[in-house]
Amino acid sequence: MRFAPSPTGALHLGSARTALFNWLFARSQGGDFLVRVEDTDRARSTPEAVRVIFDSLEWLGLRGDEPAVFQSERRAEHARRAHELLERGGAYKCFATADELDEMRRAAKAEGRPMRYDRRWRDKPPKTDGSPFAVRVRAPLEGEIVIRDHVQGEVRVRCEELDDMVLLRADGSPTYMLSVVVDDHDMDITHVIRGDDHLTNAFRQTLLYRAFGWEAPEFAHIPLIHGADGAKLSKRHGAVSTLAYRDAGILPEALCNYLLRLGWGKGDMEEFSLDEARAHFTLAGVGRGAARFDARKLSHLNGYWIRRLESADLLERIRPRLEEMLGGAVADLSPVARALPELRTRSEDINALAASALFYLRAPRNADNKAAKILGEVDSARWTSLEKFLGGIADADWHAERLEIEVRDFAERAAVSLGSLAQPLRAAMTGTAVSPPIFGVLEVLGRDEVLRRMGAAFGLESAD
RNA sequence: GUCCCCAUCGUCUAGCGGUCCAGGACAUCACUCUUUCAAGGUGAAAACACGGGUUCGAUUCCCGUUGGGGACGCCA
């Protein structure tokens, strides 16, 4: 198996899914998962993009079994193979100029035909005056190419639909079509799983395999991911880069889970860890139609994984984000650790989770609109007596269960609702009107801190 | 335009001739739990694109229509 992205920008979600399927298939079959960077387009390929690909795969947990191959480093080999073919008559020199090709394109368009090279140099003796030439494959003129695709089934196309594609450009550089075939052959690739948009390339490539006298690999063309409007997923649908999801607080577990279930199904199962996916994955489960990307389901799955992760693991994942917000290393994360069970059911991404945990580590500096309003309606005499009351609670009784009993009791004696005490407390402790159950919050914060925040409550600036 | 692919609830899907007045999940709406917000639980609404065949019987097989998508580079 191989995953062969071209480093021309961010790693697209569709590519991430292709990588995932390749990885899963390799793992389920006991094969190797190789990464090959298709950087033959020196103009568009950048080192940063290569970095992004590796970072993305690393983050997703899809590591290659061998060091990545850079296609650009194999250019000489690709050219050698093309010249070999040229000598054997499987390819020929084409001296058509760019202008001539443009003319063909124009004519084709005018007649409503797809652009096909007219093979004008196929049977002509090559020029010997040193003019630049491209090398084209001598493709069969008739018959048909049949592909038994593991996802799409049997697909056939008549040879008339194909033309003599370029193997080596006029400057001697190998084209994608040549490089892919030579590399897949040399790397002993047995299965090619890639996006549906390559289906037509599969015909051209099998043709090339045939010209070389090699056996073509098995193909599986998986449907593309579409945006909500049904068109191929692109920037205008929102974030399309894998790392953008990482930065948005999505867990790799969730993204893999989502990408797997998008266009693939296994009975009624919805949640899959990478391990479970590996155990269940089959190409037969891959659907044939394109699937639309649904950010809300991703979000739901992310919440699911936030709830499922080991506490220690989850804590480490939000640590960097907490430190960023606090502007420095956090020595003691234990308040957050204690609150984690309550916290984790309330966020669908880990950025929000970290933000919601902040008040456990630092007193609120201001109150949002709702909290300010709640605080504004507090009877200060009662507030003071509640403060005194809480201050009198013994250390041994300072835990959520006991505090709830005590405060309920206090409310009853004062003949007020529990909410009229709980909400102001929440506002004072967190600066917001929404948080985990307040008595748990009080417990984790500790009496001293609670009293401190109660005292500072009316000094909080209103900010939203 | 040409070639190719696809077609089950709004979305992702299960279904591989009778088990389907079509199952699950997200989203939606109720109810429940509840000091807030979630999560959880219970329930509701929601689909086999259409037309022909084949068959005792089609969501499932075949053909056509319609609709959607992809590919048509000396890019990858």
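Given the structure is predicted, the values throughout are model-derived calculations rather than measurements. First the proteins, then the strands, lettered A, B, ... as listed; each starts at 1.
Separating the CD atom of Glu271(A) from the C1' atom of rC12(B) is a distance of 13 Å, rounded to the nearest angstrom. What separates NZ of Lys266(A) from C1' of rC12(B) is a distance of 17 Å, to the nearest Å. The nearest whole Å value for the distance from the CG atom in Asp349(A) to the C1' atom in rA38(B) is 14 Å. Per the geometry, CD1 belonging to Ile225(A) stands 10 Å off P belonging to rU13(B), to the nearest Å. Distance, Tyr304(A) OH to rG40(B) P: 11 Å, rounded to whole Å. Taking atom CD1 of residue Ile147(A) and atom C1' of nucleotide rC4(B), one finds them 11 Å apart after rounding to whole Å. The interatomic distance linking Met429(A) (CE) with rU35(B) (P) rounds to 19 Å, in whole Å. Following rounding to the nearest Å, Glu154(A) (CD) and rC5(B) (P) show an atom-to-atom distance of 10 Å.
For the OP1/OP2 pair of rG1(B) and a distance below 4.0 Å, the side-chain nitrogens and oxygens of Arg105(A) include no atom meeting the criterion. Contact check, Arg296(A) against rU11(B): no side-chain N or O comes under 4.0 Å of OP1 or OP2.
Each of rU11(B), rU35(B), rC72(B) was ranked by its minimum atom distance to the side chain of Phe439(A); first place goes to rU35(B). Considering only the side chain of Val155(A), rC5(B) comes nearest among rU35(B), rC26(B), rC5(B). Listed candidates were rU36(B), rG70(B), rG1(B). Nearest to the side chain of Pro114(A) is rG1(B). If you check rC26(B), rC74(B), rA38(B) against the side chain of Arg136(A), the one that comes closest is rC74(B). Taking every side-chain heavy atom of Arg346(A) into account, rU36(B) is the closest of rA71(B), rU36(B), rG23(B). Distance from the side chain of Glu161(A) is smallest to rC3(B) among rC3(B), rA27(B), rC4(B).
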Q: Begin from the C-alpha positions of Val69(A) and Val35(A) and carry the test side-chain contact (heavy atoms from CB on, under 4.5 Å) through to its verdict.
A: CA-CA 6 Å; Val69(A) 170; Val35(A) 177; over 6 Å; no
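Ion pairing of Glu103(A) with Arg106(A) is present here, as a side-chain N (NZ or NE/NH1/NH2) and a carboxylate O approach within less than 4.0 Å. With respect to Glu449(A) and Arg453(A), a salt bridge is recorded, a charged nitrogen being found less than 4.0 Å from a carboxylate O. We find that Glu154(A) and Arg156(A) are joined by a salt bridge, their nearest charged nitrogen and carboxylate oxygen being less than 4.0 Å apart. Between Glu161(A) and Arg116(A) a salt bridge is recorded (basic side-chain N to carboxylate O distance below 4.0 Å).
Across all strands shown, rA27(B) forms no Watson-Crick or G-U wobble pair with both distances under 3.5 Å. In this structure, rU66(B) and rA7(B) make a Watson-Crick or G-U wobble pair, each of the two defining distances being under 3.5 angstrom. In this structure rU36(B) sits in no base pair that meets the Watson-Crick or G-U test at under 3.5 Å. With a 3.5 Å ceiling on both atom-pair distances, rU19(B) lacks any Watson-Crick or G-U wobble partner. For rU2(B), the paired base is rA71(B) (Watson-Crick or G-U wobble, both distances below 3.5 Å).
Rounded to a whole angstrom, the distance from the C1' atom of rG24(B) to that of rC3(B) is 38 Å. rC5(B) and rU65(B) have their P atoms separated by 14 Å, with the value rounded to a whole Å. Comparing rC50(B) with rU59(B), their C1' atoms sit 14 Å apart, to the nearest whole Å. Taking the P atom of each, rG40(B) and rU19(B) are spaced 33 Å apart, rounded to whole Å. For the P atom pair drawn from rU54(B) and rA14(B), the interatomic distance equals 30 Å after rounding to whole Å. For rC16(B) and rA39(B), the C1' atoms lie 37 Å apart once the distance is rounded to whole Å. One C1' atom belongs to rG18(B), the other to rU34(B), and the distance between them is 49 Å to the nearest Å. The separation of rC33(B) from rA7(B), taken at their C1' atoms, amounts to 42 Å, rounded to a whole angstrom.
Across all strands, Ile438(A) comes closer than 4.0 Å to base atoms (heavy-atom distances). Contact annotation for Phe203(A): no contact, since no heavy-atom pair falls under 4.0 Å across all strands. Across all strands, Gln152(A) comes closer than 4.0 Å only to sugar-phosphate atoms, never to a base (heavy-atom distances). Within the nucleic acid shown, Lys109(A) has no heavy atom closer than 4.0 Å to any nucleic acid atom. Base contact: Ala134(A) has a heavy atom under 4.0 Å from a base atom. Among the protein residues, Pro436(A) comes within range of the nucleic acid bases, having at least one heavy atom under 4.0 Å from a base atom. Counting any heavy atom pair closer than 4.0 Å across all strands shown, Leu421(A) reaches no nucleic acid atom. Across all strands, Thr40(A) comes closer than 4.0 Å only to sugar-phosphate atoms, never to a base (heavy-atom distances). No contact: Pro223(A) has no heavy atom under 4.0 Å from any strand. Looking at heavy-atom distances under 4.0 Å, Asn201(A) makes contact with a base. When heavy atoms are screened at a 4.0 angstrom cut-off, Gly289(A) is found touching the sugar-phosphate backbone but no base atom. No engagement by Arg344(A) is indicated, since no non-hydrogen atom pair under 4.0 Å with the nucleic acid exists. In this structure, Ala411(A) reaches neither bases nor backbone, as no heavy-atom distance under 4.0 Å exists between it and the strands shown. Counting non-hydrogen atoms under 4.0 angstrom, Gly263(A) reaches the backbone sugars and phosphates but no base.
Geometrically, Arg17(A) engages Phe21(A) in a cation-pi contact defined by less than 6.0 Å to the ring centre and at most 45° from the axis. Figure legend: Arg136(A) and Tyr92(A) shown without cation-pi pairing, the cationic atom not lying both under 6.0 angstrom from the six-membered ring centre and within 45 degrees of its axis.
The 5' end of RNA chain B is approached more closely, in terms of each residue's nearest nucleotide, by Ala291(A) than by the other of Ala291(A) and Gly440(A). Residues Arg307(A) and Tyr258(A) each lie close to RNA chain B; by heavy-atom proximity, the contact nearer the 5' end of the strand is made by Tyr258(A).
Contact of Ser6(A) with rA76(B) (side chain to base): no donor-acceptor pair of N or O atoms is detected under 3.5 Å. Judged by atom type and distance alone, Arg426(A) reaches the base of rU35(B) through a side-chain donor-acceptor pair under 3.5 Å. Remark: the Arg288(A) side chain and the rC5(B) base include no donor-acceptor N/O pair separated by less than 3.5 Å.
Rounded to the nearest 0.5 angstrom, Glu100(A) CD and Phe95(A) CZ are separated by 11.5 Å.
Around NZ of Lys373(A), the count of heavy atoms belonging to other residues, nucleotides or ligands within 6.0 Å does not exceed 12. Around atom CD of Glu401(A), no more than 12 heavy atoms belonging to other residues, nucleotides or ligands sit under 6.0 Å away. Annotation for Glu412(A): atom CD does not count as buried by contact number, only 12 or fewer foreign heavy atoms lying within 6.0 Å.
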Please tabulate, one pair per line, each protein N/O and nucleotide N/O from nucleotides 64-68 of chain B that are separated by under 3.5 Å, including the distance.
none

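Here Phe25(A) and His191(A) bring their ring centres to under 6.0 angstrom of each other.
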